[in-house]
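Every value quoted in this text rests on a predicted model; they were computed, and no experiment measured them. Note that the numbering runs from 1 along the sequence shown for the chain.
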Amino acid sequence: MKNTKREIRYAKEHFTEVHHTTLNPEGPGVVRIHLIPPVLREDGVDTSVAIINGQDIIPVNVAWSILLIEFMEEVNAYDGKEVTESDYAVIVKNVCKRMKKVYPMVPNSFFMKDLNRILETFKQVAYRQPVEEAVGYMSIGDYAPFMKAPHRMDLLVSAMEKNSSWNCNQRCVHCYAAGQLHASEEELSTEEWKNIIDKCRKAGIPQLTFTGGEPTMREDLFELIASAKWFVTRLNTNGIRLDEEYCRKLKEASLDSLQITFYSSDAEIHNTLVGVKMFEKTAAGIKNALAAGLSVSVNTPLCTLNKDYHKTLEYLHSLGVLYVTCSGLITTGNATKESSERLQLSGAEIKEILKDAVKYCADNGMEISFTSPGWVENSFCEELGINPPTCGACLSNMAITPSGKVVGCQSWLSDEPLGDMLSDAWESIWNSEKCRERRDFSAKMEGTCPLRKMRGELPKIQGELPEIPAAGDEGKEGDDNE
């Protein structure tokens, strides 16, 4: 349908930035909406997309985009205040009045009906309820030509090495960040990271993940998370520092979700794979995060040592964990070493684990995702009823290294940077030839992760587990496992 002159004029004035609001910020079901307009054309306006809680991509036509923008601007005027029923009535009245400037002949009842349809649909999507509206979910590959930035930026706020010493409270056998090009970069200051967070907002990136290294090694982490309230925020951590006080501060900083890496419910196996005896602290961290009311997911990188994933799921279920993810090994960093490579599972082994895990989760009210593209066929994932994983480098996600360099994804740290977030214009990074090439690859959603390296004929480890470093050696320089 051809756009009206009023729609085109409105788009030129308002479709220049990402619009955002949060519904029910204090309730159990927060709904963060980021409306991302497309690149404008002279002769018309393309479909926008709404990203719900940083993950679901829903196309929104021009009229509903305008309605959403007007609603967001009215709601955001109440930032930090409780919106009463009478307040909401005023909001709706003002939205209708503003919509009349673009659609003067449309009755207010139409605006009100459509607004209710939009909000109810977004809530159903966010809460994983049956969606009554005929929503045309859009793949990110389809939307790629219209994008001006990725939908998630991973901030590697903590380096693997600092002052020539190991800067992590674990030394994981499979650490993808260890030994890579940016592992020993000098970390940016608090203000420099805040500057980057502000630039991410101006670029239109709706979601930030604080990661590393181990991001909890930074004492200013709460301050950085609090400065990113406009975004959907996630923290990736090993959980060791998550005592009750730490979790309370994360909640106060308005962190949206927390992902904890947990290798096995078998303490000996978990400790072996993280290189230190920290099972009890990580398990306590999961419990504390759940008790604090944080949205918690638990990630398990699978290998031959922890392939009894069923027992780990049973343990996590007993703690009250609802969301889990698992993956094959990312063969970069430490995972390129023989000590890691010989622990890789085959695609057939991954399939057997997934079949059992998906059934267990379905039977016990848990949600599961598999995050390693290329390990199993997309059709296999579809048969199991889970989303096939895809490579999102330079498309759905990118990363910024500890010193501010932009790279294709947080695992691809050995690659040359695409630019510097502090000194380069975002448009020059996003539109660079190298970034476009990576984005085109990801948009096709074909093949495997470029970092994947299949296990060769190296023997799998059987029998006795490798020795764990003595307690108290965690921070010493030497062994470069995370």
Side-chain angles (χ1 to χ4, degrees), residues 1-21 23 31-52 54 56-77 91-125 131-151 201-206 230 395-396 426-427 430-431 436 439-440 443:
M1 181 183 294
K2 187 176 181 180
N3 301 123
T4 67
K5 291 182 179 179
R6 283 190 174 92
E7 286 177 330
I8 294 174
R9 183 166 59 248
Y10 184 96
K12 289 181 178 179
E13 293 176 357
H14 297 272
F15 281 28
T16 56
E17 62 179 354
V18 174
H19 296 267
H20 160 265
T21 196
L23 306 179
V31 183
R32 291 199 190 278
I33 306 168
H34 288 82
L35 184 71
I36 303 182
V39 178
L40 292 177
R41 296 183 286 107
E42 286 296 324
D43 58 342
V45 187
D46 289 308
T47 297
S48 301
V49 295
I51 301 182
I52 310 302
D56 294 290
I57 305 171
I58 300 176
V60 183
N61 65 29
V62 175
W64 276 20
S65 295
I66 295 173
L67 182 58
L68 262 178
I69 289 172
E70 295 299 333
F71 173 74
M72 289 178 178
E73 290 187 357
E74 286 292 327
V75 168
N76 290 347
I91 288 171
V92 173
K93 181 180 179 180
N94 289 342
V95 168
C96 291
K97 185 184 300 184
R98 295 166 71 156
M99 290 296 291
K100 284 287 188 179
K101 296 179 182 179
V102 186
Y103 304 101
M105 305 303 293
V106 177
N108 286 351
S109 60
F110 277 62
F111 299 140
M112 295 168 66
K113 181 180 178 181
D114 280 357
L115 181 59
N116 287 333
R117 288 169 63 192
I118 293 171
L119 298 181
E120 184 61 27
T121 298
F122 287 176
K123 288 180 183 178
Q124 289 169 349
V125 170
V131 180
E132 299 171 2
E133 198 74 33
V135 174
Y137 289 98
M138 178 179 286
S139 75
I140 197 166
D142 293 336
Y143 193 64
F146 307 103
M147 293 174 64
K148 295 182 283 188
H151 292 158
R201 176 173 178 171
K202 291 177 180 176
I205 299 165
W230 181 88
L395 179 61
S396 63
W426 170 252
E427 291 77 11
W430 179 252
N431 294 315
R436 289 201 311 271
R439 184 157 57 252
D440 290 343

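Here NZ of Lys202 is found 11.0 Å from CD of Glu17. Values are rounded to the nearest 0.5 Å. The distance from the CD1 atom of Ile118 to the CH2 atom of Trp64 is 5.0 Å, given to the nearest 0.5 Å. With rounding to the nearest 0.5 angstrom, the CD1 atom of Ile57 is 5.0 Å from the NE2 atom of His151. The distance from the CG atom of Leu119 to the CD1 atom of Ile33 is 6.0 Å, given to the nearest 0.5 Å.
A search for side chain to side chain donor-acceptor pair (under 3.5 Å) contacts involving His20 returns Thr22, not counting sequence neighbours.
Taking a 6.0 Å sphere around CE of Met72, one finds it holds more than 12 heavy atoms contributed by other residues, nucleotides or ligands. Shown here is Lys113, whose NZ atom has no more than 12 heavy atoms of other residues, nucleotides or ligands within 6.0 Å.
Without hydrogens or angle criteria, Ser65 side chain to Val60 main chain gives a donor-acceptor distance under 3.5 Å. Formation of a donor-acceptor pair under 3.5 Å by the Arg32 side chain with backbone atoms of Pro206 is not found in this model.
With Cys96 as the fixed residue, the side-chain contact (heavy atoms from CB on, under 4.5 Å) test singles out one of Leu67, Val106, Asn108: Asn108.
Inter-residue side-chain proximity for His34 and Trp230 is flagged as met; some heavy-atom pair is nearer than 4.5 Å. With a 4.5 Å cut-off on side-chain heavy atoms, Lys101 and Tyr10 do not count as touching.
A pairwise comparison of heavy atoms in Ala203 and Ala149 identifies O-CB, 3.4 Å as the closest pair. Of all non-hydrogen atoms in Leu35 and Ser48, the two that sit nearest each other are CD1-CB, 4.1 Å. Val45 approaches Glu7 most closely through the heavy-atom pair CG2-O, 4.4 Å. Pro37 approaches Lys148 most closely through the heavy-atom pair O-CE, 3.9 Å.
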Walk me through it: do Phe122 and Glu133 pass the test side chain to side chain contact (heavy atoms under 4.5 Å, CB included)? CA-CA 10 Å; Phe122 287 176; Glu133 198 74 33; over 6 Å; no

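Using a 30° and 60° split on the angle between ring planes, Phe111 and Tyr103 fall in the tilted class, from 30° to 60°. Using the six-membered ring where Trp is involved, His14 and His19 have ring planes that are tilted, between 30° and 60° apart.
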